[in-house]
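Take a look at the structure set out below.
Note that ligands are numbered from 1 as they come in the structure, with each ligand's atoms numbered from 1 the same way.
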Amino acid sequence: MILGLELSRLARSNKDWHQLLELCAIFGTLLADADGLYDPTDYNDRLLLGLRGMMNEAELYILKGRMHEGRRNKAKRGELLNHPPMGYVRGSDGDYHLDPDEQVQWVVRLIFEVFEQQGSLHGLLRYLVAHDIRVPIRPHQGVNRGQLEWHRPNRMTLQNVLHHPIYAGAYRWGYRKIDPRKQQPGRPNTGKTVNPPASCEVLITDRFPAYLSWERFESIQQRLANNRSIAQAQGAPREGSSLLAGLLRCGRCGRRLAPAYSGKATRLRYTCMRATIDSGAPVCLSLSGAFLDDFVAAQLMAVLQPASLELSLAAEDALRAERSQWERQWQQRLERARYGAERAARQYHAVEPENRLVGRELERQWEEALRQEQHEQEAYARFCRDQPTELTWRERDAIRYLSQDLPGLWAAPETSAQDRQEIVRLLLEQVTVEVQGDSEQVDVTLHWAGGGQSQPRVIRPVARYEQLSTYPKFLSRIDQLRHDGRSFEQIAEHLNREDFYPPKRTDQFNGGMIARLLSRQGLHGPRPRAMVKADVLEPHEYWLSDVARELTLPRITLYKWQRLGWVRSRKVAEALGRLALWADDEERERLRQLRLYKRQWPEPRYPVTLTTPKAREEGKSR
Ligand SMILES: [Zn+2]
């Protein structure tokens with residue numbers, strides 16, 4: 001027999017309750033409570049037990065529903081409060097008020113200011129740690145409940161502060177809703193989803209005293225969302241030298257271009273890889289990054305230059321404001337230390353001198369407080385030495401000088417890649433690039449912050465001459481110049497004057513570049529000089545360099561063949577002793593065979609049939 005006060009309370013759901021009835025029926029067990037005795041094998045008893053289970057489940061549901069409704073109503077009035085977050089305390093009226101401690105308020109304000117300055121959570125954390133700033137925590141439980149403690153800042157705390165709308169004075173409820181689909185059985189804390197303030201069930205603005213305006217809060221949320229490392233967000237500024245990472249979009253598919261570095265991070269490329277990564281498609285767009293970064297930097301300088309005087313004044317003001325803020329913060333710290341020491345002294349004096357047990361401990365605490373005060377005073381003295389509140393004339397001059405030389409400041413080694421990215425992000429919202437086919441012409445669209453747009457066309461470096469959009473014009477111009485009897489050097493000079501540019505854009509044309517280009521294209525053709533002297537050659541005679549070109553063979557190899565006697569040749573006296581090779585169709589075919597012949601182990605020599613020249617029928621032979 002199973003005995004209980006209210007048996008149906010054994011189960012929270014009908015499923016469990018019927019399981020129990022089933023088992024009891026199989027093993028012939030009775031059930032009993034204050035109202036009576038039941039036999040689960042009996043039809044009437046079973047019916048009654050089933051009904052009571054059902055009633056109980058319904059009752060539970062109604063109870064829960066009422067409780068939840070009550071909470072919701074309270075939340076809708078903005079009165080359902082839990083623990084006050086950092087910077088707030090619960091007043092005697094049960095509501096939240098700003099923390100009365102001035103230093104606490106200062107630190108909370110500083111967190112938001114520094115985040116706006118640094119632009120990232122990690123930047124904020126680094127700043128706080130570097131300046132030895134601790135965050136004020138009033139524990140919710142334990143012996144020190146409600147007492148102010150100063151803790152080392154950590155990422156999670158700061159993130160919670162930055163995301164919490166209470167600092168803009170808003171009340172929210174339903175921030176962490178439970179999604180039953182994501183819950184795991186037996187783990188009550190699972191299944192929580194995070195809702196932005198706008199999607200919370202209750203959001204009441206201007207409910208609490210605020211640390212910052214709602215607009216500032218929203219811009220901080222936007223900034224945090226942009227910093228996320230997901231495809232839809234810009235991502236935070238990073239260490240890489242790329243200026244436009246996160247801002248650059250592909251003009252073809254609209255996706256983000258990813259920066260890639262090779263060598264010692266000196267060679268930068270922007271590539272649209274998403275389609276390749278996702279579906280194995282060919283790379284959508286890929287272009288060299290340095291020229292684009294330089295171009296955008298030049299545009300920014302042009303925009304900033306007129307404002308350099310204002311910048312210098314603003315920088316001076318900002319520095320002075322920061323210094324005086326630090327000064328205030330130090331005064332607060334010193335005051336706190338002084339108060340601690342005085343309080344410890346008072347406590348020590350209040351105890352009867354005979355009560356040694358307590359007196360000894362209080363004396364130790366007093367000494368500790370005095371030591372702490374001295375430590376703070378020394379740190380303050382150090383601070384004053386390093387950063388006097390008033391700017392020295394030397395510092396003021398440095399600011400004026402630097403702000404006048406913006407490009408110098410931009411390129412200075414002290415300016416980090418993140419600083420530059422920050423500046424770009426202040427002025428530009430997005431940059432779209434589109435390359436015309438495979439050519440050197442790049443259409444850049446700069447979306448300026450505040451809505452303006454400019455669409456300059458930029459020339460990018462490319463790998464090959466053939467990619468240049470001016471290539472056909474370029475070739476015909478070279479042809480023309482050669483027919484005028486110009487040397488390669490002269491051709492190069494002409495091209496430089498006429499605004500043609502080499503594919504890599506690194507320097508100007510020179511004679512060697514033109515020669516290499518033409519020989520690679522097989523366009524070396526008969527030179528003007530050769531054409532003049534062509535009448536000195538006999539039938540089936542060709543200049544050695546022309547034969548080399550026809551066979552696509554280095555000239556030096558052909559000279560070697562000539563030295564070995566593998567071709568018939570003669571020195572032409574009329575052309576200052578240049579070599580002319582004699583080769584009729586059959587001979588030229590043999591030379592072609594010789595060119596294509598691949599020597600292989602175990603026979604390392606060329607076959608004799610291929611290396612023996614045909615006897616020349618008539619005329620001068622070698
Ligand atoms: Zn693309």
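- Ring pair Y465/F474 is parallel by interplanar angle, where below 30° counts as parallel and above 60° as perpendicular.
- Using a 4.0 Å cut-off between charged side-chain N and carboxylate O, E429 and R249 make no salt bridge.
- Remark: E550 engages R592 in a salt bridge, criterion side-chain N to carboxylate O under 4.0 Å.
- A ring-ring contact (aromatic ring centres under 6.0 Å, His included) with Y96 is found for one member of F208, Y167, Y171 and no other, namely F208.
- Looking at R460 and D438, a side-chain N of the basic residue comes within less than 4.0 Å of a carboxylate O on the acidic one, giving a salt bridge.
- The number of protein N, O or S atoms lying under 2.8 Å from the Zn ion (ligand 1) is 4.
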Identify each donor-acceptor pair in which a side-chain atom of residues 114-122 lies under 3.5 Å from a protein atom, sequence neighbours left out, and give them as a table.
| unit_1 | atom_1 | unit_2 | atom_2 | d |
| --- | --- | --- | --- | --- |
| E116 | OE1 | R216 | NE | 3.3 |
| E116 | OE1 | R216 | NH2 | 2.9 |
| E116 | OE2 | R216 | NE | 3.1 |
| S120 | OG | G123 | N | 3.0 |

